[in-house]
Amino acid sequence: MKVNPTDAPSDDESGTDGRRSRFEGSTLFDRDDADGEYRTDGGQSAGDGQMFADSEFTEVTTGQRLSEVFYESIYEPFVIAWSDWRTKVGLSIISLYLLLGVVAWVSASELLFLDRITIIEPARGDGPIRLAPFQDWSYPLGTDMIGRDLLAAMIHATPRMLQMILAGAVFATAVATVVGTVAGYKGGVTERSLMTLSDVLMTIPGLPLVIVLIVLIDPSSPYLIGIIIVINAWAGLARTIHSQVLTIREHSYVEASRTMGIGTPTIIRKDILPNLMPYILINFTSMARRVIYDSVALYFLGVISVQTIENWGVMMNIGYENNALIIPEVSHLLFVPMVFVVGLSFGLILFSQGTDRLFNPRVRARGSGTTKSKDDEEITTGGGAL
Amino acid sequence: MNWWVKRTGQALFTIWAVITITFALIRGLPGDPGSRIRDQAQRHNPSMSQAALERLIEARIPASYDDPIHVAYWEYLTSVLQGDLGYSTFRQGDVAPEIASVLPWTILIMSLSMLLMFALGLGLGALMAYKEGSRFDTALTGVSIFFNSIPYYVAAVLLIAVLGYRLSVFPARGTHSDATEPGLSVHFVLDALYHATLPTVSFVITGFGIIALTMRGNSIQTLGEEYIRVAKLRGIPDRRIAIRYVGRNAILPMWTTLLISIGFMFGGAIILEEIFQYRGMGWLMFRSIEHNDIYLMMGTFLIVTIAVVVSLWIADATYGWLDPRIKSGDESESY
Amino acid sequence: MSTHETTAADERAHSASDPIVEIRNAEVVFEMDRGVSRVLDDVSLEIERGEILGIVGESGSGKSMLASSMLDAVVDPGVLSGEITYYPEDGDPIDVLALSDHELRQLRWEEIAMVFQGAMSSFNPTMKIRTHFEETLEAHNYSLGEGMDRARELLSDLYLDPDRVLDSYPHELSGGMQQRTLIALSVVLQPNVLVMDEPTAALDLLMQRSIISLLEDLKAKYDLTMVFITHDLPLVAELADRLAVMYAFELIEQGPTQDILHDAGHPYTRALLNSTPNLDAPLEEMRPIAGSAPDPVNVPAGCSYHPRCSLATDRCVAQDPDSRPVDGDHVVDCHHWEDAADEIPLNHLANMEGDR
């Protein structure tokens, strides 16, 4: 992402404000303000009489700190995001898939007592052949060429899919965050080499590289496949995080932390990362979508070798190979897995569209109800700000 | 000027890096492509002499496996730069001309898709912004999100099933009819476009949504800018404000989206070409995988990457021309 | 309250003869989630032909809204009511709020032009300065040749190199250059009134001074009436013939500049004078005004300044003061204006006296 060039401050106050909140979601500022108020009110924390009664110097237990971070970087944004219908629907869809994944995992698991619990039987070829969906309710979504239950196959495909998504998304966001923050904060040669690396990787088109790697490595672990799919997808995100770190770095409170002699890792962890959280979250979902798209495509086209039918892409492949496009009787072999793919992708998109508003400072301010005065300022200091 | 040099240097650096990666991948492969060629040649012509075999292998492999790695690397680098990408066992010929013959088709569907996708997305996005909050806006936002959540290859399969087979309005496979003689005739061009319809549409309907939504957001933001208000007060006609003020300033930040789409669509084209049996780079790449043809595979990968690098470089260059701010300060980067 | 405003206005009409813009009972209202936000509350004001009027107030006091009102350019959810009348040199008075879109287009920039705060954001970043001038001339069907000659002359009057500036993009100019260019752009159609909203806010002190003196030259040369809106009282005091002070979306005091500076009647004006840094006055005498400006949704009843006022009595809480004439054109909205001078001494006065 590029720093929007039309972003030029419209006037003194709202310009800087807008910029600040757009990038960091203003959480940290809110918290610092709140901290300051606690202190001056003679409030809660121990730092009362100290000269530098800043949160950084105050001895706060890890638990407190964690709950604070949880509150500002997860709970508050979540409440705001939740007020959007898209977040609600998106999150519900994602949860449904997670539930399917757990159900299938428990059913297939051979771990201790889980071995005996089977909620949904794995698909076996014991049903009628080529049954269309919604005909026989023991096979709600129909069966394939050799009588395997499609619904069971779809559900049992979920855990592998989720493993892949998780591995890919975690890998990409983690690498991007580390590279972006380190480059943004260290500067100098580190910054230049990391950013050049990112630039080069960004330019290489993802899918051809992934195909080449998968053909050469021939992986079977879902985690490894997930990681290969995002092998260079993190680069773009790292670039964006880098530029955001640069922006945040210039803020006064970070400057203050540095002046007080607080080490770089601490500043990154306490001042910078919390502000990037919503942004990282959104990119996590887009990485997840990428893993779904690409992995299903690769299974579908048979680039990834497979042993099982329990995968949406493989099922599509079977349908495709059996001329599901031309023969209406087997078309469900192709369309049922498609619905599953589109459903998850739709859920993720809705979720990220809904959480997108975390970046809109004005909506955010209204949602949390804290920055009332700023809201008014924008109206009263002239139409300009509106 | 400095900015230009930097961009160009980076593009060249990327090309070099990709060639190096390609070399490393080929080199790191188990098995020796030389022996594969030997086997194949011996199968075809068992009476071939040892010396002839060696000559054949040498001719077909840009860098020998017996050489030390730096020599082999230098040999590979120089031969790639001279246009020698190795020998394709599957196509029974040099890789480079094989690729050259299919590349135009990929570029055709890529540029068609890109053009239509952005035209549609930008237009609709601007319209949605102007009618912000209306039923049109809400409905189109929903539609955009929904279409955007369909993978392009799913759209492709659906389009083939419905428009290709069931209704038979568009050809479901191939780049042109067998009966049509390739050439610069009107007939051939129309036929090629006709065959490119479904692949293009697959990209466009699944890709326009995100562009429309981004454009909508940018336009709404731009509409709130002070200079729009000042322009209105100055009496500038609405049409001019819409195009020169809102349009231009809302589109500029979309350049990033464009840059990202280029890489993404080249990747997508590979999948789509396989589904549509469209004889472009992707189709060739899949054939190379099928036939275990390592040089052909790495060749397609290399050329696709270079194509992306060159497109990005062109996009970058034009950005400087569109946004006057870029020339003076390289603060604003296009990534 | 409005009736009293009217009497005050009538009184002024006797002494001052020739208004160019007359604002009566102007009110701007925003519907908000939290309630109705009244960001301009029953303001009446006359701008005399050929004068420089300074409008002073804190940020968030409604002064920008007043400026937008003169051009009927209040931004969208806001609703403007009242009467705005423009008196052309020859011809009938124009009821600004009754104009059609087309007529409004002509009034704006051709008769009344405006310079906004933040010059950078007033230009299209992707268009050369020349294009800004040309499209303005074209939009109003002015001759391009003559118009561009005038633009060049204006730019050189403002000590800019016309050709260099015209061929630049906005971001290539410094803040002061942009501000001067914007002033040239607003005067290029030869308007009679120039309304400036914080035109010097983003500039350094030196640039502020030089723009002030350029404005004086410009006014003389092009026969302009100027309205200069700012939070910076000392700055505008150098330029303006008359001052109007806004507080909480109302005008609370207006009068000739010297009268306001030396004999301000409203406790707020006096506090404002004392709170502004002054080279001559020692720093320890400088006093910020305690408290903060009111919320437009929830303006205090009675005199809106009473929560911050040291002279406030029960009467101020109960009753909104009317405008009272101090002397001549000097009008103030305060129950206790006669006591203000004794209660709140102006610490700059002695020094000012010496200067002038």
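Residue numbering restarts at 1 for every chain, and letters A, B, ... go by the order of the sequence lines.
- Of the two parts of A:Arg290, neither the backbone nor the side chain holds a non-hydrogen atom closer than 4.5 Å to a non-hydrogen atom of chain B.
- Here the side chains of A:Leu213 and B:Leu25 are in contact, with some heavy-atom distance below 4.5 Å.
- The shortest side-chain heavy-atom distance between B:Phe301 and A:Ile211 does not fall under the 4.5 Å cut-off.
- Contact count against chain A (heavy-atom pairs under 4.5 Å) is highest for B:Asn148 among B:Thr300, B:Ile160, B:Ile306, B:Asn148.
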side-chain contact (heavy atoms from CB on, under 4.5 Å) evaluation trace for A:Val200 with B:Gln10 | CA-CA 8 Å; A:Val200 169; B:Gln10 198 181 308; 5.6 Å; no
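- Proximity to chain A (any heavy atom under 4.5 Å) is shown, for B:Ile271, by both the backbone and the side chain.
- In this structure a side-chain-to-backbone donor-acceptor pair under 3.5 Å is present from A:Tyr320 to B:Ile275.
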Got a list of side-chain donor-acceptor pairs under 3.5 Å for residues 341-351 of chain A, not counting sequence neighbours?
unit_1	atom_1	unit_2	atom_2	d
A:Ser345	OG	B:Ser149	O	2.7

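- Residue A:Val210 does not touch chain B at all, counting heavy-atom pairs closer than 4.5 Å.
- When heavy atoms are compared at a cutoff of 4.5 Å, B:Met281 does not approach chain A at all.
- In this structure, A:Leu207 and B:Tyr152 approach most closely via the heavy-atom pair CD2-OH, 3.6 Å.
- Annotation: side chain of A:Met202 is not in contact with side chain of B:Thr14 (no heavy-atom distance under 4.5 Å).
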Applying side-chain contact (heavy atoms from CB on, under 4.5 Å), run through A:Phe335 and B:Leu158 and close with a yes or a no.
-> CA-CA 9 Å; A:Phe335 296 127; B:Leu158 292 174; 3.0 Å; yes
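- For chain B, the nearby parts of A:Val212 are the backbone and the side chain; heavy atoms of each come within less than 4.5 Å.
- When heavy atoms are compared at a cutoff of 4.5 Å, B:Ile15 does not approach chain A at all.
- With chain A as the partner, the residue from B:Ser311, B:Ala161, B:Gly268 showing the most heavy-atom pairs under 4.5 Å is B:Ala161.
- For B:Ile145, the parts lying near chain A are the backbone and the side chain together; criterion is any non-hydrogen pair under 4.5 Å.
- Of all residues spanning residues 207-217 of chain B, those with a heavy atom less than 4.5 Å away from chain A's heavy atoms are B:Ile210, B:Leu213, arranged by number.
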B:Phe13 vs A:Asp199, side-chain contact (heavy atoms from CB on, under 4.5 Å): CA-CA, chis, key distance, verdict = CA-CA 10 Å; B:Phe13 180 76; A:Asp199 281 344; over 6 Å; no
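- For B:Val154, the parts lying near chain A are the backbone and the side chain together; criterion is any non-hydrogen pair under 4.5 Å.
- Contacts between B:Phe146 and chain A at a heavy-atom distance below 4.5 Å involve backbone atoms as well as side-chain atoms.
- Considering only heavy-atom pairs separated by less than 4.5 Å from chain B, the leading option among A:Thr196, A:Leu334, A:Leu209 is A:Leu209.
- Nearest approach of A:Pro208 to B:Gly267, heavy atoms of both residues: CD-CA, 3.7 Å.
- When all heavy atoms are compared, the tightest approach of A:Phe300 to B:Val157 is CZ-CG2, 3.7 Å.
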